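In this text, all values refer to a predicted model and were calculated from it rather than measured experimentally.
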Amino acid sequence: MRYELSPSILAADFACLGEQISQVEQAGVNWLHIDVMDGNFVPSISLGMPVITSIKKKSSMFFDVHLMVQDPERYIEDFKKAGADMLTVHAEACPHLDRTLHCIREAGMKAGVALNPATPLVMIEQVLELVDMVLLMTVNPGFGGQKYIPYSGDKIRRLRKMLDERGLFAHIEVDGGISTKTIDQVLEAGANILVAGSAVFGGDIAANANALMTKIEEFRNRQ
């Protein structure tokens, strides 16, 4: 199984965003997590297509774009043009989830589906064959720096079992409260793509990224 750290630029210093992205890339990180919030689906408003377009010119990382946006199908082509490699939409925000996932794939991107902490897995049971990744929120979306919700581990385990029983190879990504203190829990539960915001961008970026990647490598070596 492939394991990746996906640092969330929501926690970066936007006054020197390009420089901080370069630091995680130089540390050997392959993925970059980009949170887009509309002030409707979640209370906060974050960056949009122009920022993604700008940083894409300076980075060769895989752009893991997470839309916390109501009716995200309106923007699929725009995010493709901006440089998204993976586009993840919330099941709760899509009245026609099947069609939205098909449109993402047809646009030439990897397709992901996200669930809030209290949303049951049954919401995505019918579309698992369509997705490259399932993102399980391990905090309530909209704000960085929150604490990991402990019951998330059981949800991760149940999703991994569901995928294995169907012979599906979708990634399981977790987002929220991931740090060196919680990373082992989610890895052992079955997650393999790990979003970390303040745990990477808070302080020495290269050292933080290396500490998390070391944890991932240690886990992988135990398998």
Side-chain angles (χ1 to χ4, degrees), residues 1-11 24 29-37 42 61-68 85-93 110-125 127-128 131-164 168-202 208-209 211-220 222-223:
M1 184 181 294
R2 178 179 180 179
Y3 293 87
E4 297 286 355
L5 175 66
S6 190
S8 171
I9 65 170
L10 188 64
V24 295
V29 176
N30 298 312
W31 284 41
L32 191 68
H33 190 81
I34 302 168
D35 289 305
V36 178
M37 300 183 283
V42 292
M61 284 191 287
F62 183 88
F63 275 27
D64 168 26
V65 179
H66 174 199
L67 299 188
M68 288 174 269
D85 296 298
M86 170 90 74
L87 198 63
T88 298
V89 297
H90 271 263
E92 304 92 343
K110 300 289 187 183
V113 63
L115 291 177
N116 289 335
T119 303
L121 293 173
V122 69
M123 283 281 291
I124 58 169
E125 191 174 359
V127 297
L128 285 176
V131 300
D132 299 286
M133 187 173 76
V134 178
L135 166 54
L136 296 181
M137 293 300 301
T138 47
V139 299
N140 289 297
F143 302 96
Q146 299 181 64
K147 291 184 178 180
Y148 173 81
I149 295 175
Y151 65 69
S152 302
D154 178 63
K155 192 175 186 180
I156 299 166
R157 281 187 287 273
R158 287 186 285 114
L159 175 58
R160 177 56 66 196
K161 182 180 179 182
M162 188 182 297
L163 292 169
D164 288 346
L168 300 174
F169 298 96
H171 298 301
I172 297 179
E173 183 174 61
V174 290
D175 182 359
I178 304 303
S179 68
T180 53
K181 295 180 180 179
T182 58
I183 194 169
D184 287 335
Q185 298 175 45
V186 296
L187 286 168
E188 289 166 5
N192 67 299
I193 307 293
L194 311 172
V195 177
S198 55
V200 172
F201 290 105
N208 291 339
L212 289 164
M213 289 192 294
T214 296
K215 283 277 194 179
I216 293 171
E217 188 61 26
E218 289 172 349
F219 175 82
R220 182 165 28 204
R222 295 197 300 269
Q223 301 308 296

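- Side-chain contact check for V65 versus L87: some heavy-atom pair is nearer than 4.5 Å.
- A distance of 14.5 Å separates OG1 in T138 from NZ in K147, rounded to the nearest 0.5 Å.
- Heavy-atom minimum distance, A199 versus A196: CB-CB, 4.2 Å.
- Side chain of S198 to backbone of A11: no donor-acceptor contact under 3.5 angstrom is found.
- By the 4.5 Å heavy-atom criterion applied to side chains, P7 and I9 are not counted as neighbours.
- Residues that satisfy the side chain to side chain donor-acceptor pair (under 3.5 Å) test with Q223, not counting sequence neighbours, are absent from this structure.
- Pairs passing the ring-ring contact (aromatic ring centres under 6.0 Å, His included) check and including a residue from residues 168-195, sequence neighbours excluded, read W31-H171.
- Looking at every heavy atom in both residues, S6 comes nearest to I193 through CB-CG2, 4.3 Å.
- Looking at residues two or more places apart in sequence or on another chain, you find a side-chain contact (heavy atoms from CB on, under 4.5 Å) between D85 and K56, F62, F63.
- The shortest side-chain heavy-atom distance between L159 and K155 does not fall under the 4.5 Å cut-off.
- In terms of the side-chain contact (heavy atoms from CB on, under 4.5 Å) criterion, residue partners of A191 (sequence neighbours excluded) are, by chain and number, I156, I172, V174, V186, L194.
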Residue pair V113, V134: steps toward the side-chain contact (heavy atoms from CB on, under 4.5 Å) verdict: CA-CA 5 Å; V113 63; V134 178; 4.1 Å; yes

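- The closest side-chain heavy-atom distance from R157 to D154 is below 4.5 Å.
- Listed by chain and number, the residues in a side-chain contact (heavy atoms from CB on, under 4.5 Å) with D35 are S8, L10, H33, H66, M68, D175 (sequence neighbours excluded).
- Note that CG of L135 is 10.0 Å distant from CE of M86, once rounded to the nearest 0.5 Å.
- At a threshold of 4.0 Å, the pair K215-E218 does not count as salt-bridged, since none of the basic side-chain nitrogens sits closer than that to a carboxylate oxygen.
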Audit row: T180, L212, side-chain contact (heavy atoms from CB on, under 4.5 Å) steps and yes/no: CA-CA 6 Å; T180 53; L212 289 164; 3.9 Å; yes

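- At a threshold of 4.5 Å between non-hydrogen side-chain atoms, the residues E4 and D64 do not count as touching.
- Under the side-chain contact (heavy atoms from CB on, under 4.5 Å) criterion, E92 pairs with F41, H90, L115, N116, T119, sequence neighbours left out.
- Atoms CD1 and OG1, on I149 and T182 in that order, are 12.0 Å from each other to the nearest 0.5 Å.
- Residues I183 and F219 form no side-chain contact, since every pair of their non-hydrogen atoms from C-beta on lies 4.5 Å or further apart.
- Under the 4.5 Å side-chain criterion, counting only non-hydrogen atoms from C-beta, T88 is not in contact with V131.
- The shortest heavy-atom contact between A170 and L163 is O-CD1, 3.7 Å.
- To the nearest 0.5 angstrom, R160 atom CZ is 5.5 Å from N192 atom CG.
- In this structure the side chain of P117 reaches within 4.5 angstrom of the side chain of Y151, judged on heavy atoms.
- Within the model, atoms CE of M162 and CD of E125 stand 5.0 Å from one another, a figure rounded to the nearest 0.5 Å.
- Distance CD1/I216 to CE/M213: 8.0 Å, rounded to 0.5 Å.
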